[in-house]
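Here's the structure we're looking at; comments come further down.
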Amino acid sequence: MVGPSRPQIVLFGSSIVQMSFGHGGWGAILSEVYARKADIILRGYYGWNSTRALEVVDKVFPKDAAVQPSLVVVYFGGNDSMAPHASGLGPHVPLPEYIDNMKKIALHLQSLSDLTRIIFLSCPPVDEAKVRQNQSPYLSEVIRTNELCKTYSDACVELCQELDLQVVDLFSTLQKADDWETVCFTDGIHLSAQGSKLVAAEILRVVKEAEWIPSLHWKSMPTEFSEDSPYDLVSADGKNTVNSSEWTYFWEEQWD
């Protein structure tokens with residue numbers, strides 16, 4: 001562990017989390033926004049469902065850890081909501097079991113610390129036509145429909161309301177974009193840079209509006225080593241230095 005110690009924001013979920021540090025990904029956006037303020041820690045597992053996540057949640061988030069996360073962003077549901085396979089194998093999780101799994105994950109995270117905050121991301125929509133085109137010769141048919149996605153998304157949102165958790169309704173969020181099937185996905189399932197921008201914006205909005213003490217909004221958090229220094233860049237007058245610790249001009253998008 002390198003120092004100084006910073007607040008930890010953990011992203012926990014399936015492939016949409018694992019791939020979130022790719023070019024333009026929402027995890028990468030959060031890392032940029034929280035640079036020098038918090039450490040964004042990736043715990044994403046391609047192909048996982050909520051049942052598999054529940055099996056290891058106490059290993060990913062041990063209760064006896066010396067430092068507990070300040071925020072955990074959790075996403076499971078896309079794989080759970082796939083239609084069941086005739087063999088009984090595969091990632092599908094029946095809706096009641098999915099709800100129970102997510103509740104148990106939330107309760108475990110709540111038990112870590114009084115200051116551990118949680119945001120759930122609900123199941124996003126898919127581009128059904130694109131998904132059908134992407135069938136692999138090495139896999140059985142993957143059946144993902146927006147009817148199923150919405151059912152699991154609604155269940156996640158309702159659970160968060162029941163548990164008083166913050167939630168981002170990805171099913172609705174992504175469909176706000178014009179031509180969302182084309183612009184929000186790379187393969188009909190996983191997020192493009194544009195889709196990731198929508199996800200990041202919603203996460204940042206939720207964090208800003210949440211009445212958490214202390215606030216985890218990036219503008220409210222201290223910037224590491226932000227004191228003035230004679231080694232900073234020299235100002236145009238040649239007599240002073242300019243502290244650049246809060247500069248964000250180089251961001252592709254200026255986040256609120």
Side-chain angles (χ1 to χ4, degrees), residues 9-20 41-65 68-126 131 140 142-174 189-191 199 202-203 206 210 212:
I9 298 176
V10 184
L11 315 182
F12 180 48
S14 55
S15 55
I16 282 179
V17 172
Q18 180 174 329
M19 299 167 71
S20 69
I41 300 173
L42 187 64
R43 292 294 183 269
Y45 304 93
Y46 201 106
W48 278 31
N49 59 19
S50 62
T51 300
R52 198 165 182 187
L54 185 60
E55 290 175 348
V56 302
V57 69
D58 58 340
K59 296 182 176 68
V60 179
F61 301 97
K63 291 187 178 184
D64 60 354
Q68 295 294 356
S70 296
L71 173 62
V72 184
V73 181
V74 181
Y75 165 72
F76 293 100
N79 296 318
D80 302 67
S81 65
M82 290 171 58
H85 192 270
S87 67
L89 301 172
H92 168 74
V93 176
L95 186 63
E97 184 180 342
Y98 167 73
I99 296 169
D100 189 55
N101 289 345
M102 296 298 281
K103 183 173 184 176
K104 288 176 180 176
I105 290 171
L107 294 176
H108 177 82
L109 295 175
Q110 288 177 324
S111 74
L112 298 178
S113 163
D114 290 340
L115 295 178
T116 296
R117 312 304 182 188
I118 304 166
I119 299 175
F120 274 12
L121 308 181
S122 77
C123 184
V126 295
V131 172
S140 294
V142 174
I143 300 177
R144 293 179 184 261
T145 69
N146 282 318
E147 181 179 3
L148 287 169
C149 291
K150 187 177 189 307
T151 299
Y152 280 68
S153 177
D154 288 347
C156 181
V157 172
E158 290 173 12
L159 176 64
C160 290
Q161 292 170 346
E162 173 191 329
L163 299 179
D164 195 25
L165 299 179
Q166 299 292 334
V167 62
V168 173
D169 180 351
L170 290 188
F171 192 85
S172 298
T173 294
L174 295 181
I189 298 171
H190 299 103
L191 298 172
V199 175
E202 280 299 292
I203 292 172
V206 167
W212 293 333

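Please read these numbers as outputs of a predicted model, since none were measured by experiment. All values below come from the heavy atoms of this structure, side chains included, with hydrogens, waters and symmetry mates left out.
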Side chains of [X] and [Y]: does their closest heavy-atom pair fall under 4.5 Å?
X	Y	answer
L174	V199	yes
T151	S81	no
L115	S70	no
I203	L121	yes
L109	V74	yes
L71	I118	no
L191	I16	yes
L112	P69	yes

Of all the heavy-atom pairs spanning [X] and [Y], show the shortest one and how long it is.
X	Y	result
Y46	Q18	N-OE1, 2.6 Å
S122	V157	CB-CG2, 4.2 Å
Y75	C123	CE1-CA, 4.2 Å
T145	V126	C-CG2, 4.4 Å
S50	M102	CB-SD, 4.0 Å
V17	G44	CG1-CA, 3.7 Å

Given Y45 and S14, is the side-chain contact (heavy atoms from CB on, under 4.5 Å) satisfied, shown in steps? CA-CA 5 Å; Y45 304 93; S14 55; 5.9 Å; no
According to the ring-ring contact (aromatic ring centres under 6.0 Å, His included) rule, which pairs have a member within residues 97-126, sequence neighbours left out? Y98-Y152
All side chain to side chain donor-acceptor pair (under 3.5 Å) counterparts of T51, not counting sequence neighbours: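 Once residues adjacent in sequence are excluded, the partners of T51 under the side chain to side chain donor-acceptor pair (under 3.5 Å) criterion are E97, N101.
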Those residues that, when tested against S172, pass side chain to side chain donor-acceptor pair (under 3.5 Å) (two or more places apart):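 For S172 the side chain to side chain donor-acceptor pair (under 3.5 Å) partners, ignoring immediate neighbours, are D169.
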Can you give the donor-acceptor pairs under 3.5 Å from side chains of residues 83-96 to other protein atoms, not counting sequence neighbours?
residue : atom : partner : partner atom : Å
H85     : ND1  : S87     : N            : 3.0
H85     : ND1  : S87     : OG           : 2.7
H85     : NE2  : S140    : OG           : 3.3
S87     : OG   : L89     : N            : 3.1
H92     : ND1  : D80     : O            : 3.3
H92     : ND1  : M82     : O            : 2.7

Start with the C-alpha distance between D154 and K150, add both sets of side-chain angles, then the distance that settles side-chain contact (heavy atoms from CB on, under 4.5 Å), and finish with yes or no. CA-CA 6 Å; D154 288 347; K150 187 177 189 307; 2.7 Å; yes
Distance in Å, S111 OG paired with K63 NZ, rounded so as to fall on 0.5 Å steps: 3.5 Å
Which distance, rounded to the nearest 0.5 Å, do you find between the SG of C156 and the CG of L170? 8.5 Å
Give me each pair satisfying side-chain hydrogen bond (donor to acceptor under 3.5 Å, both in side chains) with a member in residues 156-165, each pair once, sequence neighbours excluded.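 For residues 156-165, and leaving out neighbouring residues, the side-chain hydrogen bond (donor to acceptor under 3.5 Å, both in side chains) pairs sorted by first residue read K103-E162.
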Hey, is the main chain of V72 close enough, under 3.5 Å, to the side chain of R117 for a donor-acceptor pair? no
Going by side chain to side chain contact (heavy atoms under 4.5 Å, CB included), name the residues that satisfy it together with R52, two or more places apart in sequence or in a different chain.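 With neighbours one apart ignored, the set is W48, N49, E55.
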Apply side chain to side chain contact (heavy atoms under 4.5 Å, CB included) to E202 and list each qualifying residue two or more places apart in sequence or on a separate chain.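 E202 satisfies side chain to side chain contact (heavy atoms under 4.5 Å, CB included) with V168, T173, R205 once adjacent residues are dropped.
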Ring pair (Phe, Tyr, Trp, His ring centres under 6.0 Å) partners for F61, two or more places apart: F12
Those residues at least two apart in sequence (or on a different chain) that pass salt bridge (charged side-chain N to carboxylate O under 4.0 Å, His left out) with D100 are K104
